[in-house]
Amino acid sequence: MKKVLSVLSVATLSLSLVLAGCGSKPEAQPQGQTGSNGGAPAAKAIKVGMVTDVGGVNDNSFNQSAWEGLQKLQTDLNLPKENVNYLQSKSDADYVPNLTQFVKDGWDLTWGIGFLMGDHLKKVADENKNAKLAIIDAEVDAPNVASVLFKEHEGSFLAGVVAAKMTKTKKVGFVGGVDIPVIKRFDLGFEAGVKAVDPSIQVIKVYTGAFDKPDMGKSTASSMYGQGVDIIFHASGGTGDGVFNEAKDRKAKGENVWVIGVDKDQSLTFGDEITLTSMVKRVDEAVIRVAKDLSEGKFQGGVQWLGLAENGVGLADTSTKNVPEDVLKLVEEYKQKIVKGEITVPDK
């Protein structure tokens with residue numbers, strides 16, 4: 001979250017899981033620090049695997065954030081480098097085989113990243129009742145699965161407040177990936193934040209239908225900017241890379257356009273000159289906390305929602321670079337109203 005909003009680690013996250021099975025071994029990816037490099041010994045030298053959705057591990061979004069969380073986990077728990085790993089899915093046909101590969105090899109915890117993996121992870125969980133699995137952005141009803149979901153609509157409301165205060169044209173845009181509940185939460189929260197500040201501002205929305213098509217993101221952004229939109233908030237995974245690319249091209253020509261990033265602080269990837277702010281989901285911290293609970297023998301299946309009150313969503317710390325202090329102050333005021341229940345942000 002931004003300095004003013006202070007998105008902290010999800011320190012209160014106390015999710016837990018349930019254990020894993022036997023069989024075929026994914027090839028380890030290179031990591032950082034190994035168990036012989038010092039640090040306190042882990043409570044249990046767990047093995048944690050992760051399966052990406054089609055966006056891939058380098059999506060500059062939630063898959064990448066989850067993987068960064070596992071890499072930090074490896075360092076924090078002083079695990080051997082081969083004890084954290086990922087398998088990348090090229091299509092939804094890869095989900096069950098990839099999840100099963102970790103489970104059958106006896107990994108202690110297998111993460112599925114993304115709503116699109118929900119049914120596939122449910123199938124694997126039902127067929128491997130002694131395995132422990134976890135998922136981001138989907139609710140899987142199985143006793144051996146921990147489901148971590150975020151109140152994206154609450155964080156996106158704050159992004160909408162920023163957009164409404166910063167737009168010069170009174171036209172802002174939303175670019176979504178696939179039209180699914182998690183992306184709808186981004187959409188509705190953003191629009192609600194915009195309208196709370198100024199109901200006359202127009203919000204133009206496009207769902208591209210994909211999380212891995214930067215060219216589609218670029219063409220969609222081009223169309224929006226061409227209609228007079230000057231700020232675009234995207235929730236589209238790798239497709240959003242194209243939104244940033246279009247903004248960069250236009251900025252180079254002197255156009256005053258912006259992008260609001262998603263999931264991670266995307267200014268660190270795309271630069272402050274085009275990134276107005278980012279709506280951050282602490283996927284990395286959620287992954288770490290669930291796995292640490294597992295290593296300490298504290299786990300159970302179930303669902304946990306993380307929103308503004310739980311410091312699970314918010315705006316990036318770097319927002320202070322482009323967002324004026326008075327706007328950040330207003331954002332904080334809206335945040336407190338949401339946390340206190342004075343404002344209920346729509347999510348469907």
Side-chain angles (χ1 to χ4, degrees), residues 17 20 24-32 47-74 81-105 107-125 131-138 140 145-150 152 176-178 180 182-183 208-214 216-217 234-242 261-264 266 269 280-288 290-291:
L17 299 165
S24 113
K25 194 164 189 169
E27 183 179 348
Q29 305 291 332
Q31 317 294 328
K47 295 176 69 177
V48 183
M50 172 189 129
V51 176
T52 76
D53 76 357
V54 295
V57 77
N58 295 314
D59 64 349
N60 295 312
S61 190
F62 60 93
N63 285 289
Q64 185 171 335
S65 182
W67 177 235
E68 289 171 355
L70 286 189
Q71 291 175 298
K72 186 173 186 297
L73 174 78
Q74 185 248 321
K81 64 181 182 180
E82 63 270 16
N83 280 35
V84 298
N85 196 8
Y86 70 86
L87 290 172
Q88 191 149 293
S89 304
K90 301 296 185 184
S91 72
D92 59 3
D94 294 331
Y95 294 157
V96 168
N98 284 346
L99 292 165
T100 301
Q101 190 166 345
F102 281 120
V103 168
K104 293 301 183 183
D105 194 42
W107 288 61
D108 297 290
L109 175 62
T110 302
W111 279 96
I113 308 302
F115 176 88
L116 297 175
M117 216 174 297
D119 291 343
H120 306 272
L121 191 134
K122 167 72 169 166
K123 173 180 169 63
V124 174
K132 292 187 179 77
L133 300 102
I135 189 164
I136 295 290
D137 283 348
V140 173
V145 177
S147 301
V148 184
L149 297 100
F150 295 83
E152 295 89 355
V178 180
I180 53 179
V182 59
I183 304 303
T208 63
F211 292 116
D212 58 349
K213 297 288 187 292
M216 191 176 294
H234 92 92
S236 57
T239 298
D241 291 5
V262 74
D263 295 331
K264 291 166 53 68
Q266 294 197 299
T269 300
V280 175
K281 284 170 57 172
R282 298 312 305 266
V283 172
D284 54 344
E285 291 293 341
V287 167
I288 290 169
V290 171

Please check: side-chain N/O of Asp108 versus main-chain N/O of Lys47, any donor-acceptor pairing under 3.5 Å? yes
Walk me through whether Met50 and Val57 qualify under side chain to side chain contact (heavy atoms under 4.5 Å, CB included). CA-CA 10 Å; Met50 172 189 129; Val57 77; 4.2 Å; yes
Between Asn63 and Thr52, do the side chains contain a donor N or O and an acceptor N or O under 3.5 Å apart? no
Any side-chain heavy-atom pair of Val103 and Leu133 under 4.5 Å: yes
I'd like to know if the side chain of Glu68 reaches the main chain of Asp284, judged simply by a donor and an acceptor atom lying under 3.5 Å from each other, with no hydrogens or angles considered. no
For residues Val145 and Ala125, report the shortest heavy-atom separation together with the two atoms involved. CG2-CB, 3.5 Å
To the nearest 0.5 Å, tell me how far Ser65 OG sits from Asn60 CG. 11.0 Å
Rounding to 0.5 Å, atoms CG (Leu121) and CG (Leu116) come to a distance of 12.5 Å
Got Val287 and Trp111 here, is their nearest side-chain heavy-atom distance under 4.5 Å? yes
On a heavy-atom basis, which atom in Met117 and which in Gly112 lie closest, and how many Å separate them? SD-CA, 3.5 Å
Looking at CG of Asp94 and NE2 of His120, how far apart are the two atoms once the value is rounded to the nearest 0.5 Å? 10.5 Å
What are the two closest heavy atoms between Ala138 and Gly114, and how far apart are they? CB-O, 4.5 Å
Side chains of Asp212 and Asp59 in contact at under 4.5 Å (non-hydrogen atoms): no
Is the shortest side-chain heavy-atom distance between Val182 and Glu152 below 4.5 Å? yes
Between the main-chain N or O of Gly176 and the side-chain N or O of Thr208, is there a donor-acceptor pair closer than 3.5 Å? yes
Shortest non-hydrogen contact between Ser61 and Val262, atoms and distance: OG-CG1, 4.1 Å
Counting only N and O atoms by type, is there a donor-acceptor contact under 3.5 Å from the side chain of Thr239 to the main-chain atoms of Ala210? yes
Gap between atom CD of Gln266 and atom OG1 of Thr269 - 0.5 Å precision: 6.5 Å
Closest contact, heavy atoms only, Phe211 versus Ile180: CZ-CD1, 4.1 Å
Show your reasoning for whether side chain to side chain contact (heavy atoms under 4.5 Å, CB included) applies to Asn85 and Trp107. CA-CA 10 Å; Asn85 196 8; Trp107 288 61; 3.5 Å; yes
What is the minimum heavy-atom distance between Gly177 and Ile183, and which atoms define it? N-CG2, 4.0 Å
Give the intermediate values and the outcome of side chain to side chain contact (heavy atoms under 4.5 Å, CB included) for residues Ile136 and Phe150. CA-CA 8 Å; Ile136 295 290; Phe150 295 83; 4.2 Å; yes
Distance check, rounded to the nearest 0.5 Å: Leu70 atom CG versus Ile113 atom CD1? 7.5 Å
Nearest 0.5 Å, what's the CG-OG distance between Asn98 and Ser89? 4.5 Å
Are any non-hydrogen side-chain atoms of Val54 and Tyr95 less than 4.5 angstrom apart? yes
Ignoring hydrogens and angles, tell me if any N or O in the side chain of Asp53 forms a donor-acceptor pair with the backbone of Gly55 under 3.5 Å. yes
